[in-house]
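Below is one structure, written out as C-alpha cells; comments come after it.
Order of the sequence lines fixes the chain letters, A, B, ..., with proteins taken first and strands second; residue numbering starts at 1 for each chain.
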2 protein chains.
Amino acid sequence: MFSLPQLEAFVAVAEELHFGAAAERLNMTQPPLSRQIQMLEKKLGTQLFGRTSRKVELTAAGATLLPRARQILDMCIKTDLDVRRVSSGEAGAITVGYTAIAGQSALPVMLRRAAEGMPGVSFVLRELVSTDQMDGLVKGSVDIGLLRPIVARPGVVSRPLMQDRLVVALPEGSSLLGNMAAPKGEPLPLGSLDRLPLLMYSTKEARYFHDLVLRLFASAGAHANITQYASQVPALLAFVQAGLGVTLVPASAMAFAPAGVEFHEIDGRHGIQELNRVDLELAWNEETANPAVLRLLRLIETF
Amino acid sequence: MFSLPQLEAFVAVAEELHFGAAAERLNMTQPPLSRQIQMLEKKLGTQLFGRTSRKVELTAAGATLLPRARQILDMCIKTDLDVRRVSSGEAGAITVGYTAIAGQSALPVMLRRAAEGMPGVSFVLRELVSTDQMDGLVKGSVDIGLLRPIVARPGVVSRPLMQDRLVVALPEGSSLLGNMAAPKGEPLPLGSLDRLPLLMYSTKEARYFHDLVLRLFASAGAHANITQYASQVPALLAFVQAGLGVTLVPASAMAFAPAGVEFHEIDGRHGIQELNRVDLELAWNEETANPAVLRLLRLIETF
DNA sequence: ACTCAACAATTCAGTAAAGGTATGAATGTT
DNA sequence: AACATTCATACCTTTACTGAATTGTTGAGT
C-alpha cells in the first residue's frame, strides 16, 4: 500500500506540474521527491505522470488518483482534529443514565445548561433504574448517572444533586379513606393510610423507595398493607388511577401524573418531616477516561 | 501526521483488544506493535487505549478514531483498486469529439458497441468541428475524434471509419429549378443547380465540405452562386427550409432534416460518382496515455 | 501470603527506508 | 553551438522500523 507522504508528494506534483516547485512546497529537495513518485508509481503498478525533461502532465491513472488522494489527506487531517477535540473534551458524547423521575426534573435542567456550556458535546440518554445505572457505570456503558443513593460499587463516586419529598397519591374522589378524608390539597397524616391497600415499590429495582416508604409507615405507627408491587412511578400511578389503592411518590412526579389521581403532602409532625427526604445523586466512574465527562463534572460544580 | 501502518495497527488492536493477538494478525511481533500505538498516541496527543497488564479498552478518543481509521483505510484500498483499473483500461473516461453529422451516424454505433465491449468506461461527448477536434487531440482535451479527413497535426493519426455521399437539398415544392425540376426522389444532375442561390459551407470551419462542393460543381461545369455561408449542416438545412436556396449535405443528414426540405441523389454520370465521396475518420493522438483509449481502438479494429 | 501465568513495556542490535548533495541526461532556447 | 532548465541517477548519511530477549506488573490459584 502507498503511504500518506507519497500521496502528499503526488498531490503537490500534480498541482504544480513541476518537480522542483513541488519539492520546494514540500520543504525538500527534488531528487527524493522524484523517487517518492517513482515508488508510488511502482506500488500502483502504473505511470501517474507523463514526464519529459521539459513537461510534466497527469496520465489517466494520475487524474483518477488526484481527487481521491486529496480526499484521503483531507480525511486524515479532519480525523486528527476530531480526535484531539474529543480528547480535550471539546467534543464527544456522554451517556447519561437517569431514573424515570429524574427524567422529568434534574435531567432537563442539566441538559439545558450543558447545551449552553459545552456545545459540541452530544448526549446519549438511557432511562434506567438506579441499580442498572450502577452496573453501567462500572462497565463503562453509562458515563453519568442520575440515581438514588444506593450502595455504590467500587470505583463509582457520587454527590447529592437534588432533594425531594414523598407525597401521597390517591384515586380522585375515592372513598378509601372513609371518614379520615382530607380536602384536596391538604396535608394528610400517614396514619390515615393504615391498612389501606398500598401500591409498593419492588424490593429489587426500587429498593431505595421501598425501604423509605416502610420507614415512614413504621415511624407513623401505620401498618403497610401491600397489595401490589411495581418498580416505576408511572406504573404505580396507573394503579392509583384505576382505584386499586394508594401510594407515595416523589413530589416531582406530580408533574406527569395522569388525570384521576389526587396528591396530598404528608403531615410532617412526629419526626416524619426529617425522614421524608428523597435524594437524587449524580454518580460517575472515578476512572472515566472520557474528557467530556470530566468537563461536565466541572461545569456542574458551578451550579 | 500519523501513518497508515499506524492506523492499521490501531484498528487491529481496537478489534482484538489484545496486543499479542493483534500483532499476530498483523504478522509482526508484539513489541513493535506496542511502539506503533505509542507513536500514534504521541502524534495525536492523547491516549487511545486504557491498558493495564490484564485488559485493553478503548478511550473516548480511541472510539472516535476507530470508525474514521477504518474509513481511511477502506478509502485507500478502494483508491488503489480504482487507479489500477483505470491504468489497465478496465475503467476510465474517454472524451470523444464528433461533428454534428457524425453525432447522428457513426457516434451512436460506436457508443453502443463500446458500452457492450467495455463496461466501466464512460464517455464524455463534445460536438466540435473537425479543426477544433484536431486541436483538442493535440492538447489532449479530446481522446478520440470523429472528423473529416483534414490535414493532420503532428502526433495525430487517423483511419477511415465511414463513407458517405452528398445529396441535394431543396425547399420542398420550390420553383427554383424552373423547368429542370425532377420528381421527388429522382436523381438530379448538378447542372440543374447552375447559378442557383447556393448555401455554402464556410471555408474555415468546414473547409472539407467547402472544397468538395466546389470540386463537384466544377466537375459538372456548373457555376456556384454562393449566397450564404454556414459551418454546420443543420444551419444550412434551416436556410433551405426557409426557401433561401439549395445546398449539398451528407446523405446521413437526411435523417434529421426539418420538414419542408426535399432531397435528391446527385446524378452520378461524367465521373461525378467518383468525386462524390464524404469520408469520416477516426483520429487519436499517437502518444495517448489513456489505457481506455487504447482498448477502444483495439475494439474498433474488430468491426 | 506466595507463586505462577499472562501480557504489555523496554532494551538493544541489525536493517530497511528516507533525505541530502553532487552529477548526469535530455530538450528546448538564445 | 553553447546554455538553461528540469527530471533522473548515484552515493552517502541519518532516521526509523523490526525482531529477539528481557523486564515489570497484575490478577489468579494454592
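If you take CE of A:M39 and P of D:dT9, they are 11 Å apart, rounded to a whole angstrom. Protein atom CG of A:L26 is 9 Å distant from nucleotide atom P of C:dG19, rounded to whole Å. Per the geometry, CD belonging to B:Q38 stands 7 Å off C1' belonging to C:dA9, to the nearest Å. Straight-line distance from the NZ atom of B:K55 to the P atom of D:dT25: 19 Å, rounded to whole Å. If you measure from atom CD of A:E24 to atom C1' of D:dC7, you get 16 Å, rounded to the nearest angstrom. The CD atom of A:E57 sits 13 Å away from the P atom of D:dC7 (whole-angstrom rounding). Per the geometry, CZ belonging to B:R51 stands 9 Å off P belonging to C:dT10, to the nearest Å. Straight-line distance from the CD1 atom of A:I37 to the P atom of D:dT9: 14 Å, rounded to whole Å.
A sub-4.0 Å separation between OP1 or OP2 of C:dA17 and a side-chain N or O of A:Q36 is absent. For C:dA9, the OP1/OP2 oxygens have a side-chain nitrogen or oxygen of B:S34 closer than 4.0 Å. For C:dG20, one of the phosphate oxygens OP1 or OP2 lies less than 4.0 angstrom from a side-chain nitrogen or oxygen of A:T29.
Interface remark: the A:R35 side chain does form a donor-acceptor pair with the C:dG20 base, using a distance-only criterion of under 3.5 Å.
Using a 4.0 Å heavy-atom cutoff across all strands shown, A:T52 reaches sugar-phosphate atoms only and no base atom. Using a 4.0 Å heavy-atom distance criterion, A:P31 is classed as a base contact. Residue A:Q30 is classed as a base contact, given a heavy-atom separation below 4.0 Å to a base.
For the atom pair B:E127 CD and B:L146 CG, the distance stands at 11.5 Å (nearest 0.5 Å).
B:K78 has a carboxylate O that lies under 4.0 Å from a charged side-chain N of B:D82, or vice versa, which qualifies the two as a salt bridge. B:R84 and B:D80 are joined by a salt bridge, as a carboxylate oxygen and a charged side-chain nitrogen come within less than 4.0 angstrom of each other. Salt bridge annotation for A:D211-A:R207: present, with a cationic side-chain nitrogen under 4.0 angstrom from a carboxylate oxygen.
Closest to the A:H18 side chain, of the nucleotides D:dT6, C:dT21, D:dG19, is D:dT6. The side chain of A:F19 sits closest to D:dC7 out of D:dA20, D:dC7, D:dT9.
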Item to check | Residues B:I144, B:L297; criterion side chain to side chain contact (heavy atoms under 4.5 Å, CB included); working and verdict | outcome: CA-CA 9 Å; B:I144 291 280; B:L297 291 173; 3.8 Å; yes

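Heavy-atom nearest nucleotides on DNA chain D were determined for B:Q6 and for A:P32, and the one closer to the 5' end corresponds to A:P32.
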